[in-house]
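Before any comments, here is the structure.
Computation of the quantities below employed the complete heavy-atom set of this structure, encompassing side-chain atoms and omitting hydrogens, waters and symmetry-equivalent molecules.
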Amino acid sequence: QEIASAGSPGMKLILLGPPGAGKGTQAQELERRRNLVQLSTGDMLRAVIASGSALGQEVKAIIDTGALVPDDIMVRMIADRIEQPDCGDGFILDGFPRTTAQAEALDVMLDARNTALDHVIAMVVDADVLTRRIGGRFSCAKCGAGYHDEFQKPRQDGVCDHCGGTEFTRRSDDKPETVRARLEAYEAQTAPLLPYYRDKNLLRSVNAMAGIDEVTAEIEKILMGA
């Protein structure tokens, strides 16, 4: 189903997966291979605020108070965005929905436009392996070159391969305990979405711990209906 009926966007996907599962990498591949548009809710919020539209002003006022943007406004924003010409071949939602209520609101909005999701792809990870993978990352403070405690050490301990710098930094959200907390929060928040989409026969899973090309191939098989 690469070409949808006139007036409805082509392939409509949701990628579900915790931080570090590789959603961004796979979304870029789908953009390149299938001309789909990755719709990140964070990017959309920034864009709608920058537009200065009535909706943008409404969103800015909410965010300025420190409150979360209500589901109905998020869905209105997505509805506006998928009407844009660049979404003609389809889109990938990233970061939405996060709750069953959001999933239901999204379905209502798509149904009103006589369209529906094609696939919900869950990128399944091993929490322990992912914690090691993300938790060991560090970078050169001088040139930004990336390293890893286990998988990509500098050739000379304590010296950057690229610029010879000797100072290194770690992102606070890459610490193992932070990574594990983010994974647990994701699981708690997103777990209810899995049976919701499974009941609709939309949910498919891929092993996100495999190599990038293998994950891409698995996703492609799903989209081809294999």
Side-chain angles (χ1 to χ4, degrees), residues 1-17 21-60 69-123 190 193 196-198 200-206 208 212-226:
Q1 190 196 329
E2 289 227 24
I3 300 170
S5 59
S8 103
M11 184 78 72
K12 296 163 291 293
L13 307 177
I14 291 174
L15 285 184
L16 292 177
K23 293 194 303 295
T25 301
Q26 294 303 327
Q28 285 173 359
E29 273 296 304
L30 287 164
E31 286 185 312
R32 186 178 67 80
R33 295 160 71 98
R34 287 180 171 261
N35 203 33
L36 304 183
V37 178
Q38 180 185 11
L39 301 181
S40 151
T41 47
D43 290 345
M44 279 190 280
L45 284 167
R46 284 186 285 275
V48 77
I49 290 169
S51 75
S53 66
L55 180 58
Q57 290 171 22
E58 196 176 344
V59 169
K60 185 177 187 305
V69 178
D71 292 351
D72 64 318
I73 292 182
M74 293 293 289
V75 172
R76 271 165 55 200
M77 189 177 68
I78 292 167
D80 287 350
R81 183 66 186 85
I82 65 176
E83 299 287 332
Q84 301 303 312
D86 63 338
C87 287
D89 288 330
F91 57 84
I92 310 150
L93 275 175
D94 175 13
F96 192 95
R98 291 181 186 273
T99 63
T100 308
Q102 289 178 350
E104 289 168 347
L106 179 67
D107 283 344
V108 168
M109 182 272 284
L110 292 172
D111 194 47
R113 283 161 174 71
N114 203 26
T115 188
L117 293 167
D118 293 296
H119 300 286
V120 178
I121 300 174
M123 300 185 66
T190 312
L193 285 177
Y196 177 82
Y197 285 122
R198 192 177 291 117
K200 291 176 172 288
N201 199 30
L202 289 172
L203 186 70
R204 302 292 181 271
S205 298
V206 296
I212 290 171
D213 291 346
E214 290 173 69
V215 178
T216 301
E218 281 296 306
I219 290 174
E220 200 59 37
K221 275 167 63 177
I222 291 167
L223 302 191
M224 296 293 285

- Message: With side-chain contact (heavy atoms from CB on, under 4.5 Å) as the criterion, how do D89 and M11 come out once you've worked through the C-alpha distance, each side chain's angles and the decisive distance to 0.1 Å?
- Response: CA-CA 6 Å; D89 288 330; M11 184 78 72; over 6 Å; no
Between atom [atom1] of [X] and atom [atom2] of [Y], what is the distance when rounded to the nearest 0.5 Å?
| X | Y | atom1 | atom2 | answer |
| --- | --- | --- | --- | --- |
| S51 | K60 | OG | NZ | 12.5 Å |
| D86 | N35 | CG | CG | 9.0 Å |
| M44 | I78 | CE | CD1 | 4.5 Å |
| L193 | T100 | CG | OG1 | 5.0 Å |
| D94 | D43 | CG | CG | 8.5 Å |
| I222 | R204 | CD1 | CZ | 7.5 Å |

Check [X] against [Y] and note the closest heavy-atom contact, atom names and distance.
| X | Y | result |
| --- | --- | --- |
| A21 | A208 | O-CB, 3.6 Å |
| H119 | L223 | CD2-CD2, 3.6 Å |
| I92 | A27 | CD1-O, 3.8 Å |
| L55 | M77 | CD2-CA, 4.0 Å |

- Item | Contact list for residues 95-105, test salt bridge (Lys or Arg N to Asp or Glu O under 4.0 Å), sequence neighbours left out |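 For residues 95-105, and leaving out neighbouring residues, there are no salt bridge (Lys or Arg N to Asp or Glu O under 4.0 Å) pairs at all.
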Check: [X] side chain, [Y] main-chain N or O, donor-acceptor pair, under 3.5 Å:
| X | Y | answer |
| --- | --- | --- |
| K23 | L15 | no |
| Q38 | F91 | no |
| Q102 | V75 | no |
| D118 | K12 | yes |

- Task: Would you sort out whether K200 and D107 count as a side-chain contact (heavy atoms from CB on, under 4.5 Å), showing the intermediate values?
- Result: CA-CA 11 Å; K200 291 176 172 288; D107 283 344; 3.2 Å; yes
- Query: Would E83 and R113 pass as an ion pair if we require N to O under 4.0 Å?
  - Reply: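 Salt bridge between E83 and R113, a charged N being under 4.0 Å from a carboxylate O: yes.
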- Message: So, applying side chain to side chain contact (heavy atoms under 4.5 Å, CB included) with F96, which one of T41, L39, I14 is it?
- Response: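 Result for side chain to side chain contact (heavy atoms under 4.5 Å, CB included) with F96: T41.
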